[in-house]
Amino acid sequence: MDSRSTGARVEVRGLTKRFGGFTAVDDLTFTVEPGRITGFLGPNGAGKTTTLRMALGLVRPTSGDVLIDGQAYADLVSPLSVVGAALEATNFHPGRSGRDHLRVLATTAGIPTSRVDEMLELTGIPAFARRRAGAYSMGMRQRLALAAALLGDPRVLVLDEPANGLDPEGIRWLRGFLRMLSREHGKTVLVSSHLLQEVSQTADDVVILANGRLVREGTMADLQGEPSVLVRTSDASALAEALNARELAVEPGGDGGLVVRTADPRVVGDVALAAGLPVWELTPQRADLEQLFFSLTEGTNRNLGPVAGATREGAA
Amino acid sequence: MTGAIRAELLKFFTTRLWWGMAIGIFLAGAAFALLFGLLFTGAFGEESMQGMPTGDATQVANSVYTGGLSIGYLLMLTIGVIQIGSEYRHHTITSTFLAQPHRLRVIAAKVVALLAIGAGYGLVSLAGSVLVGALVLTARGEEAFPSGDVARTLALSLLVLGLWALIGLGVGILIPNQVAALLIGVGVAWIVEPLLGLALRAFEFGRENLAPYMPSEATNAIIDAVQQSPDQQRLEWWAAALTLTAWAAVLAGAGSVLTARRDVS
Ligand SMILES: Nc1ncnc2c1ncn2[C@@H]1O[C@H](COP(=O)(O)OP(=O)(O)OP(=O)(O)O)[C@@H](O)[C@H]1O
Ligand SMILES: [Mg+2]
């Protein structure tokens, strides 16, 4: 990427969307900061896509608004150079080549065609992009959508489930790519996902949605909680005493184990050795993200009834 | 705005639709010119002229050169529907509105692009029909260009095609399901509307005040072709052009209003 553009702040303020009597997004307020990757999370039907579409002026909010760099999307003078968005993986005419799709967008926004080819290089699909989009795989579509989002060298990137359909290598590439954009170019990156683990390695911040409502907003580090180490030994109380003497907080960890509040398992091992106690298990721990996500959003998936939900989960 | 217009043209010319349509419109122009050229000059014998539409030399020439329009305007209607319908169908409307959030500008760009496309296809149609038609008329001993009014008709046929594309655009917005829009649009324009025109002719008020303002009747009046019954009420060419423009404006206008308010999801 050529530019040094820095990101812009995205402010979602009291955003609500009702479809008939159904409230898809319910008084949502949060801020997305520049130079950071924000994971926008929630189970299926939580209202992520609807929120993003409102932010981009595609869906009209029932109330509330979204400001991007202090302005509504529709008021941005040159929108593609402020926000780049990839909303769905199927946004292409099957009879038009991917490159032509980008040329259409570039022409609308007054972006030179040379930029189209640069973005195709960057996302690794220059040859494929000359074929008709109807033949593209899911991963190709995602890359093409990403290339489209990057066309205007935007300050803010909004990506709706960009990892869908990417193979493990593609996902790794995407993570590195997003990190580069936020760290090195200071861009604002907002990525939605319905899997907390998926973004846990990339996101600096998280916004978690359930039933259209905000259930958690904060840094990924806060969400993961204090790191700790689980240790098992022959005499738990003796080890606890030894650890306390080194000013390490200890809690019973169940099954005779101890949970030590530290990020460094070596300290625990050293203390045990000094106390002459055997170490049977030594495991660094973080909060169980899957469990945490589930408890935050539990039982809130309104698209699935309780019984239907159980069977569908079983099938998945 | 010019970017949006060029983008609409690019959209049209980057799928395969355009050349299929070009061939269709060219062939329709040539085939109808041949058929009408022979028919209206009595090439199939004097008795075959009985019950045929009639007119003066200018009207005959007009009919020969614009005979293909009866197919051409249906194709332009189709193109108009597809120019917006395929955006809904393949969800490209999302990226279109992201690149140009002022939706009315997007519709305005489509309007300008479709008028240009209509004029372009008009030229393609005329290339076929004037070539073949002039040959046939000359061969049959008729004057190929009996008056300057023929030139006016040829020029107006370009406008007619553009206006029908705008009618298609309106239909395509009002009926967001592209397949339904195509079936209903062509079905109405090809069958229902002409039948309705006939029915309106069954009583005096309809004959004098309603039928001439129907889109297909207006189209025929603009190009001033031969008539089934010469005493039939028909608008002046300029009034007919205004009438068809009004239809296009109403349909495309209603579409614009809807487009501005509709959620894109
Ligand atoms: N146009 C619409 N009309 C009616 N209901 C809608 C419409 N769009 C979305 N919804 C409903 O609003 C809710 C939120 O949908 P949304 O697509 O925003 O969820 P999501 O978080 O993106 O889900 P997913 O993870 O499945 O993509 C869903 O229950 C959906 O059925
Ligand atoms: Mg979604």
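The chains referred to below are lettered A, B, ... by the order of the sequence lines, with proteins before strands, and numbering in each begins at 1.
- Here the OG-CG distance, from B:Ser265 to A:Leu52, works out to 13.0 Å after rounding to the nearest 0.5 Å.
- Considering only heavy atoms from C-beta on, B:Lys11 comes within 4.5 Å of A:Arg96 through its side chain.
- Proximity of A:Tyr73 to B:Leu98: side-chain heavy atoms (C-beta onward) are separated by under 4.5 Å at one or more points.
- In terms of non-hydrogen atom pairs under 4.5 Å with chain A, the most contact-rich of B:Thr15, B:Val264, B:Ile93, B:Ile5 is B:Val264.
- A:Arg60 approaches B:Ala260 most closely through the heavy-atom pair NH2-O, 3.7 Å.
- Scanning all heavy atoms of the two residues, the minimum distance from A:Val104 to B:Ala7 falls at O-CB, 3.6 Å.
- Closest non-hydrogen pair, A:Asn91 versus B:Thr92, comes out as O-CG2, 3.5 Å.
- When all heavy atoms are compared, the tightest approach of A:Gly57 to B:Arg103 is O-NH2, 3.1 Å.
- Both the backbone and the side chain of B:Arg261 come within contact range of chain A, with heavy atoms under 4.5 Å apart.
- Atoms CG and OG, on A:Leu56 and B:Ser95 in that order, are 11.5 Å from each other to the nearest 0.5 Å.
- At least one side-chain heavy atom of A:Lys17 sits under 4.5 Å from a side-chain heavy atom of B:Asp263.
- With hydrogens and angles left out, the side-chain atoms of A:Thr107 and B:Arg6 include no donor and acceptor closer than 3.5 Å.
- Options B:Gln100, B:Arg262, B:Arg16, B:Arg89 differ in how many heavy-atom pairs under 4.5 Å they form with chain A, and the most are formed by B:Arg16.
- Shortest non-hydrogen contact noted between B:Pro101 and A:Pro79 is CD-CG, 3.6 Å.
- Once rounded to the nearest 0.5 Å, the distance linking CE of B:Met1 with OG1 of A:Thr108 reads 11.0 Å.
- Summarising the geometry, atom CG belonging to B:Leu10 is positioned 5.0 Å from atom CZ belonging to A:Arg103; distances are rounded to the nearest 0.5 Å.
- Only the side chain of A:Arg132 comes within contact range of chain B, with at least one heavy atom under 4.5 Å from a heavy atom of that chain.
- The shortest side-chain heavy-atom distance between B:Thr94 and A:Arg53 falls under the 4.5 Å cut-off.
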